[in-house]
Amino acid sequence: MNLTLAGMKETSKWEAAGIKLPQYDVDAMIAKTKENPTWVHFGAGNIFRIFLGGVADDLLEAGLMETGITVVETFDEEIIEKMYEPFDNLVLSVMLKTDGSTDKRIVASLAEGIKADKDRLVEIFTNPSLQMASFTITEKGYALKDASGNFFPWIVGEVENGPDAAVSAMGVVTANLYQRYLVGGQPMAVVSMDNCAHNGDILKAAVTTMASEWQARGYVEAGFVAYLNDETKITFPMSMIDKITPRPAESIAEELAGLGITNMAPVLTEKRTFIAPFVNAEVPQYLVIEDKFPNGRPAFEKVAAGVYMTDKETVNKVEQMKVTTCLNPLHTALAVYGCLLGFTLIADEMKDPQLKKLVHQIGPVEGMPVVTDPGILSPQAFVEEVIHVRFPNPFMPDAPQRIATDTSQKVGIRFGETIKSYMKKDGDAQALKAIPLAIAGWCRYLLAVDDKGEAFELSDDPMLPELTALVADVKVGKASTYTGQLKPLLSNVNIFGVDLYEAGLGELIETLFVELIEGPGAVRATLLKYLG
């Protein structure tokens, strides 16, 4: 069986393999999408393909949408070349249940997969039919400036040379919003669906910053910035997305091949994206979106499991609940300690008494007192599902090495927000013990030496060169080599959202770090000392 539009027509083979096929006219949907696009999405990766692609598929099946999604990739164009074009933009969705069984379906809602094609993007953005542009580009995709507040080198070129030079996701979307402005300024929503606090505000800040820089240099009209700030025209709704989507598992690829499906092997692109024609993910999923769409929107809430349309305040509460307490900080703690202790599966870490206690202390114990109940989802029920059902799922091939990616872009949200809440409540955050242990663990991780004293490869992070340079002289087994090298990091408000010394935690983290570098076995010994 071939995962292509032509191959999909051999329906009896797919059905015999237990794989659900689309029940709508895929060819007609593609034609309508190309003529009158309603939804363009930036970021062609796995969570988008299985979650948002699946949501669109549900809407198409129910007759609540006639058009699919145009997918744009600005960072890793090999994804389009190797995973979209050869498979006619189809995706094989594999949902991993806790009993070991799977639900499989072909998702056909991704009508177009394109690189940052300027002509096609102008066609899309100048069409009055366009309702929304959404994003899953990770936290770092919105960053224009480094920790010192200076534009990144690749952003400088876009700022200095105007819309025609735009290549980053933020530059490309701003340039195309300008094209929409020039042909009458039709309304639309611009929606971040990434895991970062106040993601809509972060997206708006990036777009308006780029637009203002271009206006100051005469590249765009003054009215463009006003257009972006007029909520009757352009909105930046906040959202919270949650679906654990690990890298494609070789075991799933082998299972699919065994069913007779060709070309299922994952590939690693030059930019280190590990991707396959299929996406494997857990069943639970949540998407909470601020209902602020000035040109209309899909009827998400009518058929899509786990999707909630609500107001900004509720989205903010749900997002804070998940990103700062109930899931993401627990994931980051497991990621760094998992790498240090030689784990390759999150599920196996949850069998470790100290690590299980660590995430319990970070979430239910330290985070929960400063979380506001959003009303539509119970924080207690959410974190219990995470700790007792989702993380321990033995059939989820999720690795700490994947979660450890871009940690410098995450710690300010995942830990910093709770620290700030304690400072607001108590004057300092000295009541926290597990969160400082997690931060110390990340600092220890940066040495790239595990608890056996063996070197390992650090996961990608845009700040890796400067972070590793900071601790280059620190040696595991020689605690005396630590002479305060962490101070610039722990006091960096741009990284943590707060000066950790002002929070009353800096010295504690340094103390914990020194204990963690005492020698082989010191990581485990430190966890035992503080977690029993």
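Starting from 1, each residue takes its place in the sequence as its number.
Checking side-chain atoms of Ser129 against main-chain N and O of Pro37 turns up a donor-acceptor pair under 3.5 Å. Checking side-chain atoms of Asp88 against main-chain N and O of Leu90 turns up no donor-acceptor pair under 3.5 Å. Of the possible donor and acceptor atoms, one in the side chain of Thr235 sits under 3.5 Å from a partner among the backbone N and O of Lys292. Side-chain atoms of Thr405 come within 3.5 Å of backbone N or O of Arg402 as a donor-acceptor pair. In this structure, Gln131 contributes its side chain and Ala189 its backbone to no donor-acceptor pair below 3.5 Å. Side-chain atoms of Tyr181 do not come within 3.5 Å of backbone N or O of Asn176 as any donor-acceptor pair. Using modelled atom types, one side-chain atom of Ser459 and one backbone atom of Gln401 make a donor-acceptor pair closer than 3.5 Å. Asn393 contributes no side-chain N or O that, together with a main-chain N or O of Ala347, makes up a donor-acceptor pair within less than 3.5 Å. In this structure a side-chain-to-backbone donor-acceptor pair under 3.5 Å is present from His41 to Gly43. No donor-acceptor pair closer than 3.5 Å links the side chain of Asp242 to the backbone N or O of Gln285.
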For Ser168 and Glu158, run side-chain contact (heavy atoms from CB on, under 4.5 Å): C-alpha distance rounded to whole Å, both residues' side-chain angles, the deciding distance at 0.1 Å, then the answer.
CA-CA 8 Å; Ser168 70; Glu158 297 185 30; 3.0 Å; yes
side-chain hydrogen bond (donor to acceptor under 3.5 Å, both in side chains) between Asp57 and Tyr24, intermediate numbers included
CA-CA 9 Å; Asp57 231 45; Tyr24 53 89; 2.4 Å; yes
Can you check salt bridge (charged side-chain N to carboxylate O under 4.0 Å, His left out) on Asp373 and Lys317, steps first, answer last?
CA-CA 7 Å; Asp373 190 334; Lys317 290 176 182 177; over 6 Å; no
Given Arg105 and Glu61, is the salt bridge (charged side-chain N to carboxylate O under 4.0 Å, His left out) satisfied, shown in steps?
CA-CA 13 Å; Arg105 70 190 280 198; Glu61 293 275 12; 5.1 Å; no
Run the numbers on Asp461 and Ser408 for side-chain hydrogen bond (donor to acceptor under 3.5 Å, both in side chains), then give the verdict.
CA-CA 7 Å; Asp461 189 307; Ser408 70; 2.5 Å; yes
Under the salt bridge (charged side-chain N to carboxylate O under 4.0 Å, His left out) rule, what do Glu73 and Lys115 come out as? Steps first, then yes or no, please.
CA-CA 5 Å; Glu73 179 58 41; Lys115 303 170 188 177; over 6 Å; no
Verdict with supporting geometry, Arg272 and Glu78, salt bridge (charged side-chain N to carboxylate O under 4.0 Å, His left out)
CA-CA 10 Å; Arg272 301 180 60 79; Glu78 271 191 270; over 6 Å; no
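Residue-environment remark: NZ (Lys13) stays at or below the threshold of 12 foreign heavy atoms within 6.0 Å. Within a 6.0 Å radius of CD in Glu66, no more than 12 heavy atoms belonging to other residues, nucleotides or ligands are found. Counting heavy atoms of neighbouring residues, nucleotides and ligands inside a 6.0 Å radius, atom CD of Glu313 does not exceed 12 of them.
Contact detail for Val26 and Ala108: the closest heavy-atom pair is CG2-CB, 3.9 Å. Nearest approach of Gly68 to Thr33, heavy atoms of both residues: N-OG1, 2.7 Å. The two residues Pro294 and Lys233 make their nearest non-hydrogen contact at CG-O, 3.5 Å. Taking every heavy atom of both residues into account, Asn2 and Trp14 meet most closely at O-CZ2, 3.3 Å.
Between Trp39 and Phe300, the ring-plane angle classifies as perpendicular under the 30° and 60° cut-offs. In this pair, Phe135 and Phe42 present their aromatic rings parallel. The plane angle is below 30°, not in the 30 to 60° band.
Both the sub-6.0 Å distance and the 45° axial angle are not jointly satisfied by Arg180 relative to the ring of Phe125. Remark: Lys140 qualifies as a cation-pi partner of Phe75 under the 6.0 Å distance and 45° angle criteria applied to the six-membered ring.
Using a 4.0 Å cut-off between charged nitrogen and carboxylate oxygen, Glu35 and Lys32 do not count as a salt-bridge pair. By the 4.0 Å N-to-carboxylate-O rule, Glu255 lies close enough to Lys104 to be salt-bridged with it. In this structure, Asp201 pairs ionically with Lys312, as a charged nitrogen and a carboxylate oxygen lie closer than 4.0 Å. In summary, Arg120 and Glu112 engage in a salt bridge, as defined by a charged side-chain N under 4.0 Å from a carboxylate O.
Taking the side chain as every heavy atom from C-beta outward, Pro298 and Thr38 never approach each other to under 4.5 Å. Leu3 has its side chain within reach of Ile106: a pair of non-hydrogen atoms, C-beta onward, lies under 4.5 Å apart. Considering only heavy atoms from C-beta on, Met170 comes within 4.5 Å of Leu144 through its side chain.
For Tyr286, the ring-ring contact (aromatic ring centres under 6.0 Å, His included) test picks out Phe382, with sequence neighbours left out.
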